[in-house]
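Values in this document were obtained by computation on a predicted structure and should not be read as measured data. Each residue takes its place number in the sequence, starting with 1.
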Amino acid sequence: MTRSPRSEVGSAPRKSRSAAPGAGVSDEGSAHQAPRDLRTALSPKSAKLATRNSQLATHHFLMELQVEDMPARFLPGCRVGMKTAADEWLAGVGLDGVQVDVWATCRRLGISLRGLPEYLPEKQERLQGPRMRSLKDETGAYWPQVFSFAKAKGIEPEKLFLEETPKGLTLAYDRIIAPVKVVNKLEEELLVKILAMPFPKTMRWTISREKGSGVRGQGSATEFRFARPIRGLLALWDARTLRWWRAAGMPAVRTTKVSGKSMVIRSAGDYSTRLAKEGLRLKINSRKEALERQLERQASPCSAQSNHYEALSSEASDLVERPQVISGRFDEKYLQLPTEVLLAILEKSKLFGVVNASGGHSDANPAPAPKFLAVLEKPQSARAVRSARRGYERLVASRFFDTWFFWEQDLKIPLSDESRRQKLSGILWSKELGSVAQKSERVTTAAGVLAKTMKLNSNQHEPLGRAASLLRMDLTTLLVGEYPDLAGSAGSFYAERDPDQSSRRAAPVIRDASSDQPKTPEGTILALADRLDTLLAQFAIGRQPTAKEDPLGLKKTADSVIDMLWTDSVGLRQLPLNELLRTVGAGFPQELRNPQSDVSAYFKGRLAVKLEALNLSRDRIEAILAAVSFEALPVGEIHRAAQALKALEVDQFENLEKLAGLFKRVTNIIRQAKEMMIDFNVQVDESLFESPAEERLWKAILEESIQVRSRIAEGDYGGAFSRMASLALPLGHFFDDVMVMVDNEVLKKNRLALLNTVRQLILLVLDPSRLTLKKIVAPPSC
């Protein structure tokens with residue numbers, strides 16, 4: 001009795017002599033794995049054929065990882081991670097013109113690549129070895145290092161040569177990398193990248209390395225980590241299944257599941273169509289639009305709403321694959337609670353509220369309805385829907401019952417009661433900065449100083465001061481203790497019901513200051529004082545955010561400050577950020593490190609990110625932020641200047657380009673003079689002018705200096721840039737006709753002083769030396 005050959009993991013049946021080169025990717029009907037030539041590079045004999053075939057047709061690759069339900073917060077990162085992995089892989093193998101598409105739902109991660117060639121093109125790679133002075137010794141024999149390197153690379157020593165590098169002469173040789181199957185590279189590189197994507201948290205499980213498991217590595221088992229267990233792998237190359245692929249021990253198939261229903265995908269191009277017929281929208285935007293249409297239908301004639309509607313609808317769209325909206329009801333007595341409180345409690349349960357306001361989500365005071373909306377996975381039977389509705393109604397009823405109890409108990413002690421202030425003194429803000437009551441005192445003092453700077457009238461001062469003292473008082477309430485997200489806004493609800501009249505007048509200021517974007521001067525001042533105090537405090541004790549970690553949400557706090565100053569809706573144009581930081585930081589304990597410079601630098605970085613949203617390149621942003629007028633970070637002014645610079649590049653590009661070149665020349669001359677220890681800090685003496693070009697430049701400086709400074713004071717940065725650009729002509733004539741570094745020391749210093757005056761004037765609004773100019777073409781007019 002003879003034993004048949006054993007089928008090992010990764011092995012394949014021997015290819016018949018009649019098989020065509022490159023054939024053999026198994027389809028659904030084949031019981032064998034792909035031929036071995038799909039996993040290895042082509043032989044040199046077939047290189048020409050592979051190169052020719054790779055130009056003929058393109059292919060469609062599709063991969064789907066079927067996983068257990070993933071948290072919604074993981075999915076945005078999955079989409080970015082898969083797209084980045086695909087782009088990096090395509091760039092690494094030198095493929096362009098490939099259409100990349102990725103998607104992520106709670107149960108599947110997918111990627112599609114259209115327009116792939118059959119083979120990667122042949123390429124040449126230069127490899128370097130050890131440093132050598134020569135290939136051969138005095139007797140004409142190769143040095144031992146040459147033999148060793150050649151043997152290690154599997155080549156003849158004659159193919160080696162010496163190459164000059166920064167390290168000296170080194171051994172080198174050129175290796176030809178033959179065309180390889182694109183599908184092999186996809187498995188070896190792209191699949192590995194996707195399976196190694198980072199997640200906030202991962203699960204770990206061990207995969208047995210049994211016969212046919214497809215797990216590679218040493219030992220009898222291997223450990224695998226991913227966000228959630230992988231339950232299936234679909235991998236298609238056009239209409240063929242890549243059967244030898246493995247993901248966490250799962251072999252690739254051509255089937256997928258939707259709500260437990262298995263379906264066969266005949267080809268990569270058929271995938272999205274088949275899933276769409278089952279009501280599954282792969283794209284998050286499409287799912288979100290479908291969900292919002294259902295929400296409005298179920299809420300009609302009212303409107304679906306939440307305190308954070310966009311965030312909740314996006315999260316709900318990622319919690320399910322096929323959203324189905326159902327409605328439920330609660331006791332009308334709970335409508336006596338503030339609308340924001342009702343919506344916050346429903347949002348905590350991933351539910352939408354329903355309001356009677358006709359204006360939609362932006363209405364300030366919508367009237368709530370005793371109804372809520374829940375999102376389920378579709379399809380659900382009528383019985384399942386009834387059961388889910390009853391469950392949600394019991395949940396909402398219990399939470400509203402507790403909230404009603406907290407509300408009634410909190411109202412028994414007014415927000416302005418002295419007992420609450422004493423209780424606030426017992427709440428620790430930080431060990432280094434003391435209690436929340438001490439923070440409240442600092443904020444109150446800073447808000448008073450800013451109110452004087454803003455020249456608020458007496459009718460505004462009193463409610464602002466009262467609101468500042470009550471802003472954090474709601475931390476002593478039972479409601480905020482149960483729902484911390486209501487901190488700040490809950491204080492306004494209690495202040496409205498306070499027997500003290502001044503507290504009631506302060507309620508609108510507290511509500512405005514607690515919003516993401518305050519709309520009144522009083523609310524803006526209080527919000528700035530409170531949020532800047534928070535930033536300064538955390539930086540002072542060494543808790544500044546990093547690129548990867550921001551547990552306290554300081555990035556969001558800094559961005560909200562920039563947003564308040566960005567549009568200058570309440571007249572804060574003349575209040576630069578650095579001045580605000582000095583005012584707010586004046587009340588900090590003297591023994592703490594002064595963090596103002598660090599916070600200012602952090603704001604400068606966040607402001608650069610904000611400017612990038614205006615489609616400004618990095619060099620433009622650096623040129624604006626380096627201007628003398630913007631050293632103190634007047635955010636509203638920087639915003640105006642950025643918009644004006646974009647317009648100037650379209651209208652006066654030639655003048656700006658010429659000025660940038662001349663400015664760099666001026667800067668180089670000034671730098672050389674400083675290195676030569678030449679003192680040119682003298683007044684420009686007109687009597688020393690020897691050329692008409694000097695006189696014309698000086699006259700232009702005097703005229704434009706008045707005009708530029710006037711435009712800056714008015715906030716007309718378009719005019720300031722335009723006047724500044726007009727200096728290019730006389731400055732160009734000056735360099736054509738005048739030698740600066742002459743032997744006459746008096747003339748030399750006078751001309752250097754003239755150039756330095758030009759430089760200081762231009763630096764008021766821009767540093768052209770940082771610009772890398774490329775003309776912007778204006779869009780065609782309609």
Over 12 foreign heavy atoms within 6.0 Å of NZ, K348: yes
Distance-only donor-acceptor check, side chains T534 and K439, under 3.5 Å: yes
Side chain to side chain, Y309 and E292, heavy atoms closer than 4.5 Å: yes
Side-chain touch R228/D69, heavy atoms, less than 4.5 angstrom: no
Where A447 and A529 come nearest, the two heavy atoms and their spacing: N-CB, 4.1 Å
Flag if over 12 foreign heavy atoms under 6.0 Å of NZ, K556: no
Student check: side-chain heavy atoms of L761 and M724 closer than 4.5 Å: no
Donor-acceptor under 3.5 Å (D474 side chain, A487 main chain): no
Pairwise side-chain contact, V561 with L528, heavy-atom cut-off 4.5 Å (strictly under): yes
Test item: R606 side-chain N/O and D559 main-chain N/O as donor-acceptor pair under 3.5 Å: no
Point-to-point distance, once rounded to the nearest 0.5 Å, from OG of S489 to CG of N307: 7.5 Å
Worked check of salt bridge (charged side-chain N to carboxylate O under 4.0 Å, His left out) between D716 and R723: CA-CA 11 Å; D716 178 15; R723 304 297 304 195; over 6 Å; no
Gap separating the CG atom of L614 from the NE2 atom of H639, nearest 0.5 angstrom: 5.0 Å
Chi angles and distances behind the salt bridge (charged side-chain N to carboxylate O under 4.0 Å, His left out) call for R442, D533: CA-CA 8 Å; R442 292 196 305 271; D533 181 271; 2.9 Å; yes
Residues D530 and R472 bridged, charged N to O under 4.0 Å: yes
Parallel, tilted or perpendicular, as decided by the 30° and 60° cut-offs, for the rings of Y717 and F630: tilted
Side-chain donor/acceptor of D512 to backbone N/O of P518, under 3.5 Å: no
Side chains of R531 and L535 in contact at under 4.5 Å (non-hydrogen atoms): no
Selection residues 583-616 - residue pairs positive for ring pair (Phe, Tyr, Trp, His ring centres under 6.0 Å), sequence neighbours left out: F539-Y602
Residue that, paired with D318, satisfies salt bridge (Lys or Arg N to Asp or Glu O under 4.0 Å) out of K288, R108, R79: R79
Under 3.5 Å: donor-acceptor pair, side chain of S286, backbone of L282: no
Pair R709, S705: side-chain N/O donor-acceptor within cut-off below 3.5 Å: yes
Any side-chain donor near an acceptor of the partner, Q707 and R711, under 3.5 Å: yes
Any donor-acceptor pair under 3.5 Å from T583 side chain to E579 backbone: yes
Q544 side chain near P595 side chain, heavy-atom distance below 4.5 Å: no
Check: D767 and F663 side chains under 4.5 Å, non-hydrogen atoms: yes
Candidate pair E315 and R73, rule salt bridge (charged side-chain N to carboxylate O under 4.0 Å, His left out), full reasoning: CA-CA 7 Å; E315 184 179 7; R73 63 190 177 95; over 6 Å; no
Any donor-acceptor pair under 3.5 Å from N578 side chain to E631 backbone: yes
